[in-house]
Amino acid sequence: MASDHGDVAHLLPQNYKRSVSAWLEEDCPSYDYGGFVVGEAQAEARLLGKSPGVVAGVPFFDEVFKQLDCTVEWHVKEGQSITPITHCATVRGPVRKVLLGERVALNTLARCSGIALKSARLISLVRKAGYSNILAGTRKTTPGFRVVEKYGMLVAGCDPHRIDLSAMTMLKDNHVKAAGSINRAVKAAQAAGGFAVKVEVECQSEEEADEAIDAGADVVMLDNFSGEGVKTAARSLKERWKGKREFVIEVSGGLTETNVTEFVCNDVDVISTSSIHQGVPHVDFSLKIVG
């Protein structure tokens with residue numbers, strides 16, 4: 001996983017800082033009445049983890065308070081599991097600015113940590129079932145919040161999948177229908193993206209996967225197969241195309257904690273699921289002024 005090779009925070013694009021500025025402006029677009037009440041006295045606040053979780057989202061939390069002239073001292077490491085109640089960090093600065101950043105920082109940290117917790121649980125589940133390949137998220141993320149959600153997956157050790165439409169060409173059923181065939185769609189995608197952009201094709205059957213591989217797809221997604229169907233198709237495709245084509249097999253469609261082990265098969269290179277980031281409960285954090 002990425003964290004084995006460095007600090008995943010170093011992957012973040014610089015525009016995340018602009019996002020933080022926009023979040024702060026959204027939360028206080030005009031007068032800060034509550035801030036007026038408390039004033040500029042120096043304050044110290046404790047970040048408390050109040051439910052089980054995996055801490056993720058530290059760069060966003062830090063940037064919120066950096067933009068407000070506050071400092072953050074962390075007492076846990078990003079990616080660390082916590083139990084209630086854990087004193088995770090201490091924030092220091094003018095009291096009105098601590099409170100001005102409170103909700104933006106907590107919301108971001110809670111969401112990112114919830115995704116990291118769910119991702120960590122699912123990756124642990126498939127590893128225990130004997131799966132040694134990639135567990136990935138999907139592109140079903142919240143508009144404007146994708147970088148945070150993908151970051152939570154990375155912290156937990158999951159693959160974030162493609163970041164956006166420019167990261168890889170994924171040809172779904174609508175693309176194929178509009179193009180007229182899988183072969184036509186793949187050839188057009190290869191011509192547009194060139195050698196540097198991979199092409200993936202969503203396949204509803206083993207026959208469609210064969211057509212995609214024959215056309216030169218880099219990745220074939222077996223979509224909405226049954227567990228046994230995945231195992232049979234993946235084994236068959238690998239055996240049939242051995243020595244003829246290099247390709248990756250991805251499995252997706254309705255995979256959750258309750259059924260993912262049914263799809264575990266090391267002929268499958270990637271298991272992808274939106275369940276690690278869609279509808280995920282937040283980790284409960286609070287920020288409490290000391291004294």
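Heavy-atom basis, side chains included; hydrogens, waters and symmetry copies ignored. Just so we're clear, the structure is a prediction, and the values are computed from it rather than from any experiment.
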*Does a donor on one side chain and an acceptor on the other come within less than 3.5 Å for His277 and Thr138?*
yes
*Donor-acceptor pair, side chain of Arg245 and main chain of Ile213, under 3.5 angstrom*: yes
*Give, for atom CG of Leu154 and atom OG of Ser119, the distance between the pair rounded to the nearest 0.5 Å.*
9.5 Å
*Donor-acceptor contact present, side-chain Arg184 to main-chain Ala188, <3.5 Å*: no
_Rounded at 0.5 Å granularity, tell me how far NE2 in His161 sits from CD1 in Ile134._
9.5 Å
*Pair Ser272-Ser252, side-chain hydrogen bond (donor to acceptor under 3.5 Å, both in side chains): steps then yes or no*: CA-CA 5 Å; Ser272 62; Ser252 195; 3.0 Å; yes
_Verdict with reasoning, Ile115 to Met153, per side-chain contact (heavy atoms from CB on, under 4.5 Å)_ = CA-CA 6 Å; Ile115 289 169; Met153 300 175 216; 3.9 Å; yes
*Close side-chain approach of Val268 and Val230, heavy atoms under 4.5 Å*: yes
*asked:* Any non-hydrogen side-chain atom of Cys203 less than 4.5 Å from a side-chain atom of Met221?
replied: no
*What heavy-atom pair brings Leu12 and Tyr151 nearest, and what distance separates the two atoms?*
CD2-CD1, 3.7 Å
*Ignoring hydrogens and angles, tell me if any N or O in the side chain of Ser113 forms a donor-acceptor pair with the backbone of Ala110 under 3.5 Å.*
no
*For the hydrophobic clusters of this structure (ILVMFWY residues joined by side-chain heavy atoms under 4.5 Å, transitively), does one cluster hold both Met168 and Phe247?*
no
*For residues Val260 and Val126, determine if any side-chain heavy atom of one lies less than 4.5 Å from a side-chain heavy atom of the other.*
yes
*Are any side-chain N or O atoms of His87 and backbone N or O atoms of Ala89, one a donor and one an acceptor, separated by less than 3.5 Å?*
yes
*asked:* Is it the case that the ring center of Phe145 lies less than 6.0 angstrom away from the ring center of Trp23?
replied: yes
*Could you check if a side-chain atom of Asp214 sits within less than 4.5 angstrom of a side-chain atom of Trp241, using non-hydrogen atoms only?*
yes
_ILVMFWY network linking Val148 to Val20, side-chain heavy atoms under 4.5 angstrom_ = yes
*Grab the two heavy atoms, one from Glu257 and one from Leu122, that are nearest each other, plus how far apart they are.*
CG-CD1, 3.5 Å
*Give me the other members of the hydrophobic cluster that Val199 sits in, counting Ile, Leu, Val, Met, Phe, Trp and Tyr linked by side-chain heavy atoms under 4.5 Å, directly or via other members.*
Leu171, Val176, Ile182, Val186, Val201
*asked:* If I compare all heavy atoms of Ala136 with all of Val270, which pair ends up nearest, and what's the gap?
replied: CB-CG1, 4.0 Å
*Interatomic spacing from NE2 in His282 to SG in Cys112 - rounded to 0.5 Å*: 10.5 Å
*Sub-3.5 Å donor-acceptor pair from the side chain of His175 to the main-chain atoms of Lys172, do we have one?*
yes
*Would Arg103 and Asp27 pass as an ion pair if we require N to O under 4.0 Å?*
no
*About how many Å separate CG of Asp173 and CG of Asp223, when rounded to the nearest 0.5 Å?*
8.0 Å
*Between Ile249, Val251, Asp269, which is the residue that forms a side chain to side chain contact (heavy atoms under 4.5 Å, CB included) with Val220?*
Ile249
_Sidechain-backbone polar pair: Asp32 side chain, Leu100 backbone, donor-acceptor under 3.5 Å_ = no
_Minimum heavy-atom distance between Glu211 and Asn183, given as atom pair plus value_ = OE2-N, 3.5 Å
*Are Val147 and Val155 grouped together when hydrophobic residues (ILVMFWY) are joined by side-chain heavy atoms under 4.5 angstrom apart?*
yes
*For side-chain hydrogen bond (donor to acceptor under 3.5 Å, both in side chains), just list the numbers for His75 and Gln80, CA-CA rounded to whole Å, side-chain angles, deciding distance to a tenth of an Å, and then say yes or no.*
CA-CA 11 Å; His75 311 303; Gln80 182 176 324; over 6 Å; no
*asked:* Check whether Glu208 reaches the backbone of Gln204 with its side chain - one donor and one acceptor, N or O, closer than 3.5 Å.
replied: yes
*Do the non-hydrogen side-chain atoms of Arg111 and Val280 ever get within less than 4.5 Å of each other?*
yes
*Should the pair Asp267-Lys231 be classified as a salt bridge under the 4.0 Å nitrogen-to-oxygen rule?*
no
Show me, pair by pair, the donor-acceptor contacts under 3.5 angstrom made by side chains of residues 54-67, not counting sequence neighbours?
| residue | atom | partner | partner atom | Å |
| --- | --- | --- | --- | --- |
| Asp62 | OD1 | Trp74 | NE1 | 2.7 |
| Glu63 | OE2 | Gln67 | NE2 | 2.9 |
| Gln67 | OE1 | Ser21 | OG | 2.8 |
| Gln67 | NE2 | Lys17 | O | 3.0 |
| Gln67 | NE2 | Ser21 | OG | 3.2 |

*asked:* Please say yes or no: joined through hydrophobic side-chain contacts below 4.5 Å, possibly via intermediate residues, are Ile123 and Val283 part of one cluster?
replied: no
*asked:* One pair to check against side-chain contact (heavy atoms from CB on, under 4.5 Å): Ile276 and Cys158. What are the steps and the verdict?
replied: CA-CA 9 Å; Ile276 62 175; Cys158 287; 4.2 Å; yes
_Ion pair Arg240/Glu206, N-O distance below 4.0 Å_ = yes
_Atom pair CZ (Arg139) and NZ (Lys150), whose distance is rounded to the nearest 0.5 Å_ = 8.5 Å
*asked:* If I compare all heavy atoms of Asp164 with all of Arg146, which pair ends up nearest, and what's the gap?
replied: CB-NH1, 3.5 Å
*With the side chain counted from C-beta on, respond yes when Thr256 and Thr273 share a heavy-atom pair under 4.5 Å apart, and no when they do not.*
no
*Step by step, work out the side-chain contact (heavy atoms from CB on, under 4.5 Å) result for Glu228 and Glu262.*
CA-CA 8 Å; Glu228 285 306 311; Glu262 299 171 21; over 6 Å; no
*For Asn266 and Ser132, what are the C-alpha separation, side-chain angles and deciding distance, and is it a side-chain contact (heavy atoms from CB on, under 4.5 Å)?*
CA-CA 7 Å; Asn266 283 315; Ser132 58; 3.3 Å; yes
*asked:* Contact between Val95 and Ile289 at the side-chain level, heavy atoms closer than 4.5 Å - yes or no?
replied: yes
*When clusters are formed by joining ILVMFWY residues with side-chain heavy atoms under 4.5 Å apart, either directly or through shared neighbours, do Leu237 and Val219 land in the same one?*
no
*Value rounded to 0.5 Å, distance of CG in Asp284 from CG in Leu48*: 10.0 Å
*Identify the heavy atoms of Thr90 and Glu44 that sit nearest to each other, and give their distance.*
CG2-CG, 3.4 Å
_Crowding at NZ, Lys288 (>12 non-hydrogen neighbours, <6.0 Å)_ = no
*Is there side-chain contact between Ser236 and Glu239, with heavy atoms separated by less than 4.5 Å?*
no
_How about CZ on Arg121, more than 12 heavy atoms from neighbouring residues, nucleotides or ligands closer than 6.0 Å, or not?_
no
_Does Gln42 have more than 12 heavy atoms from other residues, nucleotides or ligands lying within 6.0 Å of its CD?_
yes
*Do Glu149 and Thr142 have side-chain atoms, one donor and one acceptor, less than 3.5 Å apart?*
yes
